[in-house]
Amino acid sequence: MKTPEPVAFLDRPAARLVAVGCAVLCAVALAYIHRDDLLGSDEATAANDPVAACLAERAADIDRMVADGVVDTDRATLFKSRAEALCQATVGGGSGPPLPGQ
(Lines give C-alpha, C1' and ligand atoms only; values in the text may rest on other atoms or scores of the structure.)
Protein backbone atom coordinates (compact mmCIF):
# COMPACT_ATOMS: atom_id res chain seq x y z
CA MET A 1 0.00 0.00 0.00
CA LYS A 2 1.15 3.40 -0.94
CA THR A 3 1.04 6.20 1.63
CA PRO A 4 -0.36 9.52 0.47
CA GLU A 5 2.20 12.15 -0.30
CA PRO A 6 2.15 15.20 1.92
CA VAL A 7 0.43 18.18 0.32
CA ALA A 8 2.16 21.55 0.48
CA PHE A 9 0.36 24.29 2.43
CA LEU A 10 -0.15 26.43 -0.67
CA ASP A 11 -2.07 23.60 -2.33
CA ARG A 12 -4.56 23.25 0.51
CA PRO A 13 -7.98 24.91 0.74
CA ALA A 14 -6.84 26.81 3.84
CA ALA A 15 -4.32 28.72 1.73
CA ARG A 16 -7.07 29.73 -0.66
CA LEU A 17 -9.20 30.95 2.24
CA VAL A 18 -6.29 33.05 3.48
CA ALA A 19 -5.87 34.53 -0.02
CA VAL A 20 -9.58 35.36 -0.28
CA GLY A 21 -9.44 36.92 3.18
CA CYS A 22 -6.48 39.09 2.15
CA ALA A 23 -8.32 40.21 -0.98
CA VAL A 24 -11.41 41.11 1.04
CA LEU A 25 -9.31 43.05 3.57
CA CYS A 26 -7.62 44.97 0.74
CA ALA A 27 -10.99 45.82 -0.80
CA VAL A 28 -12.31 47.01 2.57
CA ALA A 29 -9.19 49.12 3.14
CA LEU A 30 -9.51 50.73 -0.30
CA ALA A 31 -13.21 51.42 0.28
CA TYR A 32 -12.39 53.03 3.63
CA ILE A 33 -9.61 55.17 2.21
CA HIS A 34 -11.81 56.37 -0.68
CA ARG A 35 -15.04 56.64 1.28
CA ASP A 36 -15.46 60.34 0.41
CA ASP A 37 -15.00 59.57 -3.28
CA LEU A 38 -17.46 56.69 -3.17
CA LEU A 39 -20.13 58.39 -1.05
CA GLY A 40 -19.70 61.85 -2.52
CA SER A 41 -18.91 64.20 0.34
CA ASP A 42 -20.51 67.44 -0.88
CA GLU A 43 -19.11 69.63 1.90
CA ALA A 44 -15.50 68.72 1.17
CA THR A 45 -16.00 69.04 -2.57
CA ALA A 46 -17.74 72.40 -2.37
CA ALA A 47 -15.17 73.79 0.04
CA ASN A 48 -12.27 72.81 -2.22
CA ASP A 49 -13.90 73.66 -5.56
CA PRO A 50 -12.91 77.14 -6.75
CA VAL A 51 -15.63 77.08 -9.43
CA ALA A 52 -18.33 76.58 -6.78
CA ALA A 53 -16.91 79.42 -4.69
CA CYS A 54 -16.80 81.74 -7.70
CA LEU A 55 -20.32 80.77 -8.74
CA ALA A 56 -21.69 81.36 -5.23
CA GLU A 57 -20.12 84.82 -5.17
CA ARG A 58 -21.51 85.72 -8.59
CA ALA A 59 -24.97 84.34 -7.72
CA ALA A 60 -25.06 86.48 -4.58
CA ASP A 61 -24.22 89.55 -6.66
CA ILE A 62 -26.95 88.72 -9.18
CA ASP A 63 -29.50 88.10 -6.42
CA ARG A 64 -28.58 91.49 -4.93
CA MET A 65 -29.21 93.13 -8.33
CA VAL A 66 -32.64 91.48 -8.50
CA ALA A 67 -33.45 92.66 -4.97
CA ASP A 68 -32.36 96.21 -5.87
CA GLY A 69 -34.58 96.15 -8.98
CA VAL A 70 -31.69 96.60 -11.41
CA VAL A 71 -32.56 93.45 -13.42
CA ASP A 72 -35.62 91.23 -13.73
CA THR A 73 -35.73 87.47 -13.09
CA ASP A 74 -35.35 86.54 -16.77
CA ARG A 75 -32.13 88.51 -17.06
CA ALA A 76 -30.96 87.14 -13.71
CA THR A 77 -31.34 83.60 -15.06
CA LEU A 78 -29.32 84.58 -18.12
CA PHE A 79 -26.67 86.26 -15.98
CA LYS A 80 -26.36 83.18 -13.76
CA SER A 81 -25.82 80.89 -16.74
CA ARG A 82 -23.19 83.27 -18.08
CA ALA A 83 -21.60 83.50 -14.63
CA GLU A 84 -21.24 79.73 -14.58
CA ALA A 85 -19.43 79.80 -17.92
CA LEU A 86 -17.26 82.71 -16.73
CA CYS A 87 -16.26 80.93 -13.51
CA GLN A 88 -15.42 77.72 -15.33
CA ALA A 89 -13.36 79.60 -17.90
CA THR A 90 -11.58 81.69 -15.26
CA VAL A 91 -10.69 78.84 -12.93
CA GLY A 92 -10.16 76.20 -15.60
CA GLY A 93 -13.31 74.13 -15.27
CA GLY A 94 -12.57 72.94 -11.74
CA SER A 95 -11.54 69.52 -13.00
CA GLY A 96 -7.99 70.12 -14.05
CA PRO A 97 -5.36 72.70 -14.88
CA PRO A 98 -6.32 75.67 -17.05
CA LEU A 99 -5.83 75.34 -20.77
CA PRO A 100 -2.90 77.13 -22.39
CA GLY A 101 -3.63 80.78 -22.98
CA GLN A 102 -5.86 81.21 -19.93
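Ile62 contributes atom CD1, which lies 8.5 Å from atom OG of Ser81 (distance to the nearest 0.5 angstrom). Considering CG of Leu86 and CD of Glu84, their distance stands at 11.0 Å, rounded to 0.5 Å. Considering CG of Leu55 and CZ of Arg58, their distance stands at 9.5 Å, rounded to 0.5 Å. A distance of 4.0 Å separates CZ of Arg82 from CG of Leu78, quoted to the nearest 0.5 Å.
In plain terms, the two heavy atoms of Val66 and Ala76 that are nearest each other are CG2-CB, 3.4 Å. Closest heavy-atom contact between Ala14 and Phe9: CB-CE1, 4.3 Å.
The side-chain heavy atoms of Arg12 and Leu17, taken from C-beta on, include no pair separated by under 4.5 Å. Residues Thr77 and Lys80 fail the side-chain proximity criterion, which asks for heavy atoms closer than 4.5 Å.
No single ILVMFWY cluster, assembled from side-chain heavy atoms under 4.5 Å apart, contains both Ile33 and Leu39.
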